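These notes are about the structure you will find just below.
What you are looking at is a predicted structure, and each value in this text was computed from that prediction instead of being measured.
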Amino acid sequence: WRVKFLCVLSSAARGRNDALELKDADFEYIAPEHETLLVKFYAPWCGHCKKLAPEFETAATRLKGTVTLAKVDCTANTETCKRYGVTGYPTLKIFRNGQESSSYDGPRSADGIVNYMKKQAGPDSVPLHSEHDLENFINSFDASIVGFFSGTDSSQLSEFLKGASLMRESFRFAHTTDLELGKKYEVKYESVLLFRPPRLSSKFEESVVHHRGPLSITGLRRFIRDNIFGLCPHLTKENKDSLRKRDLLTAYYDLDYLRNPKGSNYWRNRVLKVASKFSSQGLLYSVANRNDFLEELEDEFGLGASDATELPFVTIRTRTGNKYTMREEFTRDGTSLENFLEDYFAGRLKRYVKSEPVPAKNNAAVKVVVADTFEEIVNDPEKDVLIEFYAPWCGHCKKLEPKYTELGEQLYSDPNIVIAKMDATANDVPQGYDVQGFPTIYFAAAGRKDEPKRYEGAREVKDFINFLKLEASKPLVLNGVKEEL
């Protein structure tokens with residue numbers, strides 16, 4: 001009777017969508033039926049949940065038969081959400097045979113979810129039994145890490161499998177206990193090899209990298225980290241966060257490895273040729289499909305759709321947020337790229353800063369700051385500056401505006417303090433200022449510009465004034481009257 005009941009529940013829970021709808025009453029029964037299960041814990045009123053919903057449903061359909069996706073409404077199923085420590089929405093978790101395995105920290109697009117979860121299906125490391133198995137596994141869009149071992153009782157294999165279990169969410173692992181399978185790749189004893197994606201094969205670097213020395217989880221992790229991307233990886237929406245942990249040059253063009261692999265590698269080979277000359281100087285190189293990053297290129301580098309040509313558009317983005325663009329046209333012999341890199345490493349390039357035009361008049365009670373005037377106004381060593389970073393569409397910013405203007409008016413005659421604002425959607429925010437939401441307000445004291453202090457207080461005029469009385473380097477002049485210490 002119980003089996004029949006569970007079958008009815010599974011069928012009813014799925015309904016018309018391919019993502020299961022799980023409830024307090026059935027979660028503990030249905031989750032163990034699935035080897036790998038991605039669960040979205042959500043609230044119907046949550047904006048981020050609504051944005052994720054169609055992507056999640058699309059991914060559920062595409063992964064049907066490979067990985068099951070499920071969702072739990074935490075407003076109606078509080079017991080399940082509490083049991084798994086859900087405190088915000090949406091929260092995504094991976095379960096294996098009914099047991100929570102890990103939090104999902106992959107992309108939130110349908111493509112990203114599909115690619116990420118395909119890696120979660122099946123074992124931590126795929127066992128290979130023949131040359132055919134090996135060639136099939138390494139002929140992939142992503143890099144492959146393969147261990148070659150002498151037998152199932154190998155201590156090296158045990159360590160490899162532990163590492164694969166810890167890192168399977170990020171990388172593809174496989175192993176064999178037949179050393180003969182590795183002969184083609186010069187495997188003579190127990191080894192771990194990293195196979196780069198065939199589409200990125202080039203004469204400028206090895207397609208297969210051998211791990212050297214004894215195998216440990218730490219050593220395996222370091223080996224993968226140092227070699228996974230190679231000299232010039234393909235930057236995608238899915239791997240951009242990993243790649244941008246380093247200083248990164250990217251050439252954006254009409255790259256499409258599915259429809260035009262030869263044409264896609266035409267420009268990549270030119271980047272590789274130049275990059276190989278500068279490979280020891282700490283810069284990582286990459287290529288990307290311009291269409292995948294159009295919005296970002298326009299927003300962060302001012303590249304409009306009408307500016308696009310068949311030639312690559314080249315940028316450098318450092319870990320600290322500095323940005324540079326190659327303004328010279330990309331030449332097919334690589335000379336312009338080489339000149340650009342020589343200027344970059346010599347410190348001759350001017351940083352690219354996204355900025356609104358400098359206002360013709362700026363005498364209002366609240367000074368308008370743009371990226372090009374930030375240094376002059378906010379970093380004036382003689383002035384205390386309170387600056388609001390806002391977004392034009394932000395409701396809280398609009399509510400604050402009359403109060404902030406009143407504050408500026410009360411302090412207008414104070415020669416030592418500036419009340420300022422900057423549109424953070426139209427101007428690059430400088431280092432040292434962490435702006436994740438709006439409005440964000442900072443105080444930059446005279447003589448201490450490298451230590452801006454975030455304002456965390458209430459947003460009434462009196463609250464700002466009380467804060468400034470404590471923080472200002474000199475007594476305030478309020479409505480033309482100097483305050484006493």
Side-chain angles (χ1 to χ4, degrees), residues 300 302 318 320-324 347 349-392 394 397 400-457 459-485:
E300 297 193 18
T318 70
T320 56
N322 292 336
K323 298 182 295 185
Y324 305 87
L349 290 183
K350 183 180 178 181
R351 284 193 302 123
Y352 175 83
V353 178
K354 181 179 72 171
S355 178
E356 291 181 290
V358 177
K361 294 182 180 180
N362 203 9
N363 299 319
V366 177
K367 277 194 178 293
V368 174
V369 175
V370 299
D372 285 341
T373 60
F374 195 94
E375 186 68 25
E376 173 192 343
I377 297 174
V378 182
N379 286 341
D380 183 340
E382 306 297 324
K383 306 269 187 172
D384 291 328
V385 181
L386 187 73
I387 181 163
E388 174 204 3
F389 297 94
Y390 72 95
C394 162
C397 303
L400 174 64
E401 187 173 7
K403 300 171 186 176
Y404 202 67
T405 300
E406 183 182 337
L407 174 68
E409 289 170 347
Q410 290 198 31
L411 291 166
Y412 189 70
S413 57
D414 190 327
N416 303 307
I417 196 162
V418 174
I419 306 301
K421 64 180 181 180
M422 186 169 96
D423 180 353
T425 67
N427 298 275
D428 279 341
V429 176
Q431 286 176 246
Y433 293 83
D434 182 24
V435 178
Q436 302 294 332
F438 305 109
T440 295
I441 301 169
Y442 273 92
F443 178 73
R448 299 199 308 275
K449 298 300 180 177
D450 58 342
E451 302 171 7
K453 183 173 184 177
R454 191 182 184 116
Y455 177 77
E456 303 282 9
R459 294 173 185 167
E460 298 296 331
V461 176
K462 62 181 177 60
D463 300 308
F464 286 121
I465 288 174
N466 289 336
F467 171 81
L468 292 172
K469 283 180 179 179
L470 290 172
E471 298 292 338
S473 55
K474 295 180 180 178
L476 299 182
V477 178
L478 281 167
N479 297 314
V481 180
K482 187 175 183 179
E483 294 281 302
E484 296 299 325
L485 287 174

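Side-chain contact check for Val461 versus Glu409: every heavy-atom pair is 4.5 Å or farther apart. Between Val369 and Ile387 the shortest side-chain heavy-atom distance falls below 4.5 Å. Under the 4.5 Å side-chain criterion, counting only non-hydrogen atoms from C-beta, Ile417 is not in contact with Leu386. Between Asn322 and Gln431 there is a side-chain heavy-atom pair separated by less than 4.5 Å. With contacts defined as side-chain heavy-atom distances shorter than 4.5 Å, the pair Thr425/Phe438 qualifies. With a 4.5 Å cut-off on side-chain heavy atoms, Lys421 and Glu401 count as touching. Put simply, the side chain of Glu388 reaches to within 4.5 Å of the side chain of Cys397, judged on heavy atoms.
In terms of modelled atom types and a separation under 3.5 Å, the side chain of Lys449 and the main chain of Pro381 share no donor-acceptor contact. Looking at Ser473, its side chain never comes within 3.5 Å of a backbone N or O of Ala446 through a donor-acceptor pair. Listed for the Lys474 side chain is no donor-acceptor partner under 3.5 Å among the backbone atoms of Lys383. No donor-acceptor distance shorter than 3.5 angstrom exists from the side chain of Asn427 to the backbone of Val370, with no hydrogens or angles considered. Side chain of Arg448 to main chain of Lys453: no donor-acceptor pair is present (N/O by atom type, distance under 3.5 Å, no hydrogens or angles). A side-chain donor-acceptor contact under 3.5 Å links Asn362 to the backbone of Val368.
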- For side chain to side chain contact (heavy atoms under 4.5 Å, CB included), just list the numbers for Lys323 and Asp428, CA-CA rounded to whole Å, side-chain angles, deciding distance to a tenth of an Å, and then say yes or no. CA-CA 10 Å; Lys323 298 182 295 185; Asp428 279 341; 2.9 Å; yes
- Candidate pair Leu411 and Leu476, rule side chain to side chain contact (heavy atoms under 4.5 Å, CB included), full reasoning: CA-CA 8 Å; Leu411 291 166; Leu476 299 182; 4.2 Å; yes
- Worked check of side chain to side chain contact (heavy atoms under 4.5 Å, CB included) between Tyr324 and Thr318: CA-CA 9 Å; Tyr324 305 87; Thr318 70; 4.2 Å; yes
- Query: What do the steps show when you test Asp414 against Leu468 for side chain to side chain contact (heavy atoms under 4.5 Å, CB included), and what is the final call?
  - Reply: CA-CA 12 Å; Asp414 190 327; Leu468 292 172; over 6 Å; no
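Shortest non-hydrogen contact noted between Met422 and Phe374 is SD-CD1, 4.0 Å. Closest non-hydrogen pair, Asp423 versus Ala391, comes out as OD1-CA, 4.3 Å. Annotation for Ala424 and Val429: closest pair CB-CG2, 3.9 Å, computed over non-hydrogen atoms. Taking both residues in full, the closest heavy atoms of Ala364 and Tyr412 are given as O-CE1, 3.7 Å, listed atom of the first, atom of the second, then distance.
Under the ring-ring contact (aromatic ring centres under 6.0 Å, His included) criterion, Tyr390 pairs with no residue, sequence neighbours left out.
When each of Phe467, Phe443, Tyr442, Phe389 is tested with Tyr455 by the rule ring pair (Phe, Tyr, Trp, His ring centres under 6.0 Å), just one qualifies, namely Phe467.
Salt bridge present: Lys403 and Glu460 bring a charged side-chain N and a carboxylate O closer than 4.0 Å.
Note: Ile465 CD1 to Leu470 CG = 12.5 Å, rounded to the nearest 0.5 Å. Going from atom OG1 of Thr405 over to atom CD of Gln410 covers 12.0 Å, rounded to the nearest 0.5 Å.
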